[in-house]
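Since we're looking at a predicted model, the values are computed, not measured.
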Amino acid sequence: MPGWFSFSNFADLASIVEFIISLLVLYNVNQIRAQFLFTARVPQLAKRLNEHASHLSAQYRDLGNSIEAVDLVKAELARCQSVLKSLGPKLPGGSRKSVKKLIDKIEAERKDITPASKSAVWEIYTELTVLIEDLKHIQEDRKWSA
């Protein structure tokens with residue numbers, strides 16, 4: 001037998017191969033986990049986000065009329081923000097960035113909502129609507145790729 005082919009060299013090679021296989025298994029397990037979380041939770045979260053967007057739209061109409069409407073809009077934005085925080089980690093990269101930007105925008109605007117800030121609320125509402133539509137498209141794409 002050649003000198004380089006010893007039991008310790010074979011063990012070293014086997015350890016390296018085992019390490020590579022372990023990394024591949026870890027990657028695949030994370031992919032399966034992400035797919036499961038997406039399939040199980042994203043439709044529910046998208047539905048809740050759609051409901052909050054509808055409430056926000058209804059409250060937007062009354063925003064200039066009363067201080068109570070301002071409080072309702074702030075509360076609805078807080079609910080949207082909570083759903084978005086839960087939704088973010090379950091999405092692929094590009095959509096995750098959109099969710100993060102929207103969370104930051106809601107955080108910045110929510111504290112400063114007044115009866116005169118209808119344009120800021122409308123902008124958040126339209127971005128929520130875009131995100132909801134994106135989620136619908138991603139869900140449809142996942143159905144076809146599964």
Does S57 reach the main-chain N or O of A53 with its side chain, forming a donor-acceptor pair under 3.5 Å? no

Between atom [atom1] of [X] and atom [atom2] of [Y], what is the distance when rounded to the nearest 0.5 Å?
{"X": "D62", "Y": "K118", "atom1": "CG", "atom2": "NZ", "result": "8.0 Å"}
{"X": "Y60", "Y": "S119", "atom1": "OH", "atom2": "OG", "result": "7.5 Å"}
{"X": "K100", "Y": "D104", "atom1": "NZ", "atom2": "CG", "result": "4.0 Å"}
{"X": "I32", "Y": "Y27", "atom1": "CD1", "atom2": "OH", "result": "11.0 Å"}
{"X": "W122", "Y": "L56", "atom1": "CH2", "atom2": "CG", "result": "9.0 Å"}

Looking only at heavy atoms, which two atoms of [X] and [Y] are closest? And how far apart?
{"X": "L102", "Y": "E127", "result": "CD1-OE1, 3.6 Å"}
{"X": "K74", "Y": "I113", "result": "CE-O, 3.6 Å"}
{"X": "Q139", "Y": "P43", "result": "NE2-CA, 3.1 Å"}

Applying salt bridge (charged side-chain N to carboxylate O under 4.0 Å, His left out) to K136 and E133, what does each step give before you reach the verdict? CA-CA 5 Å; K136 288 177 185 176; E133 287 301 312; 3.3 Å; yes

Check the angle between the aromatic planes of H52 and H55 and answer parallel, tilted or perpendicular using the 30° and 60° thresholds. perpendicular

So that I can tick it off, tell me whether E123 and K105 are bridged by a salt bridge, with the cut-off set at under 4.0 angstrom between side-chain N and carboxylate O. yes

Co-membership, hydrophobic cluster, residues L72 and V121, 4.5 Å side-chain: no

For residues 79-99, which side-chain donor-acceptor pairs fall under 3.5 Å, sequence neighbours excluded?
residue, atom, partner, partner atom, Å
R79, NH1, E76, OE1, 3.0
Q81, OE1, R110, NE, 3.3
Q81, OE1, R110, NH2, 3.3
Q81, NE2, E107, OE1, 2.5
K90, NZ, S86, O, 2.8
R96, NE, G88, O, 3.3
R96, NE, L91, O, 3.2
R96, NH2, L91, O, 2.5
S98, OG, G94, O, 3.4

Quick one: are I21 and V17 in side-chain contact, heavy atoms under 4.5 Å? yes

Count the heavy atoms belonging to other residues, nucleotides or ligands that lie under 6.0 Å from CD of Q31, then report whether that count exceeds 12. yes

Please lay out, stage by stage, how N50 and L135 fare under the test side chain to side chain contact (heavy atoms under 4.5 Å, CB included). CA-CA 11 Å; N50 195 24; L135 289 174; over 6 Å; no

